[in-house]
Number of protein chains: 2
Amino acid sequence: MGEYENAQQLDAVFSAMADATRRAILARLAESDARVTEIAGGFTISLNSTSKHIRMLERAGLVRRSVRGRDHVLSLDATQMQSAARWIQRYQPFWEDRLASLDAFVTRKRVAANQGKKNR
Amino acid sequence: MGEYENAQQLDAVFSAMADATRRAILARLAESDARVTEIAGGFTISLNSTSKHIRMLERAGLVRRSVRGRDHVLSLDATQMQSAARWIQRYQPFWEDRLASLDAFVTRKRVAANQGKKNR
DNA sequence: TTCATATTCACCCATAAGGGTGAATATAGG
DNA sequence: CCTATATTCACCCTTATGGGTGAATATGAA
């Protein structure tokens, strides 16, 4: 398989998505832009920890920040998610093959069970 | 956005994919099954480090191992990749919107440039 | 049995994550 | 000017990563 992506960028994107809190932040920003405090309000962790998560999302390029006075308004930028999606998509044949063979197995089993019994 | 996935599993899958060496191992296994030493041969890092990477991939469910005597044969299991792909895919509208609005912006700018001298 | 190969185990080291707290900074609003 | 709010900075602590080395273990082969 090709290795023509930006490895470091993928590192940052995948590791940014590797945390449930950060995924929840992304989900929150998918609904609407929000300030840091607004986002932090949805979690039990401290404002400071939330701020750090946001910084990681920013470094990964998944979130943009626009400072308006003392408020920092954050918005989702899904561009880098597409890179990650494209990387994973190259493996789609593999999980489809797996499902296909599982399906074939189930079908075989069902056919065997139907020897003498008619259902479904 | 829904939060009905297994968060811990996604944590493991995404963090497993967040390392270039491990992504290369997955790419290698996409070509064919391989033993630990065969995989390690493709990297400059030690056999031990490779072994650890493989263990992480195993824990994330991305790689399966079948022990044949002293050889451990590894194979790709892309099932968990599909979970990751599904999670990311929910954001597809966002990167498509972004491309669409960028395109609209460029078009607008081009139109403006063609109407004499319009700038900021 | 003896030797070679394949793999992991048990450590060591440095760095980054993820959480916390308290202080500093910047801006909004009286 | 003064005070409250929004956010970050500078630390502390614990755990995980990513790399290394040398030893242990298991199996194949002679």
Side-chain angles (χ1 to χ4, degrees), chain A residues 3 7-29 32-76 80 84, chain B residues 3 7-29 32-76:
Chain A
E3 286 303 315
Q8 293 182 9
Q9 181 60 27
L10 272 184
D11 283 7
V13 172
F14 278 129
S15 60
M17 298 190 301
D19 180 276
T21 300
R22 286 193 290 270
R23 288 197 301 275
I25 292 174
L26 293 172
R28 168 66 186 77
L29 291 177
S32 73
D33 294 357
R35 291 176 305 116
V36 175
T37 313
E38 287 170 346
I39 291 173
F43 302 102
T44 56
I45 62 174
S46 72
L47 173 64
N48 264 340
S49 293
T50 308
S51 176
K52 289 186 209 171
H53 282 301
I54 291 168
R55 185 152 23 96
M56 288 195 61
L57 289 168
E58 251 188 310
R59 278 187 298 181
L62 295 171
V63 157
R64 280 174 303 122
R65 177 193 306 254
S66 82
V67 179
R68 297 178 191 170
R70 56 183 176 174
D71 295 339
H72 295 206
V73 178
L74 307 164
S75 59
L76 179 65
Q80 297 304 322
Chain B
E3 286 302 317
Q8 293 182 8
Q9 181 59 28
L10 273 184
D11 284 6
V13 172
F14 278 129
S15 60
M17 299 191 299
D19 180 277
T21 299
R22 286 193 290 269
R23 288 197 301 275
I25 292 175
L26 294 172
R28 169 65 185 79
L29 291 177
S32 74
D33 295 355
R35 291 177 303 118
V36 175
T37 314
E38 289 171 345
I39 291 172
F43 301 102
T44 56
I45 62 174
S46 73
L47 173 63
N48 264 339
S49 294
T50 309
S51 176
K52 288 186 211 172
H53 281 301
I54 291 169
R55 185 152 23 99
M56 289 195 61
L57 290 168
E58 251 189 311
R59 277 187 300 181
L62 295 171
V63 158
R64 279 176 302 123
R65 177 191 308 251
S66 80
V67 180
R68 300 177 190 172
R70 56 184 176 176
D71 295 341
H72 295 205
V73 178
L74 307 164
S75 59
L76 179 65

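First the proteins, then the strands, lettered A, B, ... as listed; each starts at 1.
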Using atom names, set out every protein N or O paired with an N or O of nucleotides 20-24 of chain C below 3.5 Å, distance rounded to 0.1 Å.
{"from": "C:dG20", "atom 1": "OP2", "to": "A:Ser46", "atom 2": "N", "distance (Å)": "2.8"}
{"from": "C:dG20", "atom 1": "OP2", "to": "A:Ser46", "atom 2": "OG", "distance (Å)": "3.0"}
{"from": "C:dG20", "atom 1": "OP2", "to": "A:Ser49", "atom 2": "OG", "distance (Å)": "2.8"}
{"from": "C:dG20", "atom 1": "O6", "to": "A:Lys52", "atom 2": "NZ", "distance (Å)": "2.9"}
{"from": "C:dT21", "atom 1": "O4", "to": "A:Asn48", "atom 2": "ND2", "distance (Å)": "2.6"}
{"from": "C:dG22", "atom 1": "O6", "to": "A:Asn48", "atom 2": "ND2", "distance (Å)": "2.4"}

Can you pull every protein N or O that's under 3.5 Å from an N or O on nucleotides 27-30 of chain C?
{"from": "C:dA28", "atom 1": "O4'", "to": "A:Arg70", "atom 2": "NE", "distance (Å)": "3.3"}

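In plain terms, the two heavy atoms of B:Gln9 and B:Ala60 that are nearest each other are NE2-O, 3.0 Å. Residue B:Ser49 comes nearest to B:Ile45 through the heavy atom pair CB-CD1, 3.8 Å, listed as atom of the first residue, atom of the second, then distance.
B:Arg55 places its CZ atom 8 Å from the C1' atom of C:dT8, with the value rounded to the nearest Å. Rounded to whole Å, atom C1' of C:dT5 lies 9 Å from atom CG of B:Asp71. At whole-Å resolution of the value, CD1 in B:Ile39 and P in C:dA6 are 14 Å apart. Rounded to whole Å, atom P of D:dT5 lies 16 Å from atom CD of A:Glu38. Rounded to whole Å, atom C1' of D:dT8 lies 14 Å from atom CZ of A:Arg59. Nucleotide C:dT25 holds its P atom 15 Å from the NE2 atom of A:His72, rounded to whole Å. Per the geometry, CD1 belonging to A:Ile54 stands 15 Å off C1' belonging to C:dG18, to the nearest Å. Nucleotide D:dT8 holds its C1' atom 17 Å from the CE atom of A:Met56, rounded to whole Å.
With a 4.5 Å cut-off on side-chain heavy atoms, A:Met17 and A:Ser15 do not count as touching. Taking 4.5 Å as the limit, some side-chain heavy atom of A:Val67 sits within range of a side-chain heavy atom of A:Arg65. Counting only heavy atoms from C-beta outward, the side chains of B:Arg28 and B:Leu76 never approach each other to under 4.5 Å. Residues B:Arg22 and B:Leu62 form no side-chain contact, since every pair of their non-hydrogen atoms from C-beta on lies 4.5 Å or further apart. The shortest side-chain heavy-atom distance between B:Leu29 and B:Ile39 falls under the 4.5 Å cut-off. With contacts defined as side-chain heavy-atom distances shorter than 4.5 Å, the pair B:Val63/B:Leu26 qualifies.
Contact between the side-chain N/O atoms of A:His53 and the OP1/OP2 oxygens of C:dA17 is not found at any separation under 4.0 Å.
Between the CZ atom of B:Arg35 and the CD1 atom of B:Ile54 there is a distance of 11.0 Å, given to the nearest 0.5 Å.
Residues from residues 8-19 of chain A lying near DNA chain C, meaning a heavy-atom separation below 4.0 Å, are A:Asp19 in numerical order.
Nearest to the side chain of B:Arg35, among D:dG18, C:dA6, C:dT8, sits C:dA6.
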Check: When you look at A:Ile25 and A:Phe43, which way does the side chain to side chain contact (heavy atoms under 4.5 Å, CB included) test go after all the steps?
Finding: CA-CA 9 Å; A:Ile25 292 174; A:Phe43 302 102; 3.7 Å; yes
Next item on the list: Go through A:Arg64 and A:Glu58 one step at a time and tell me if the salt bridge (Lys or Arg N to Asp or Glu O under 4.0 Å) criterion holds.
Entry: CA-CA 6 Å; A:Arg64 280 174 303 122; A:Glu58 251 188 310; over 6 Å; no
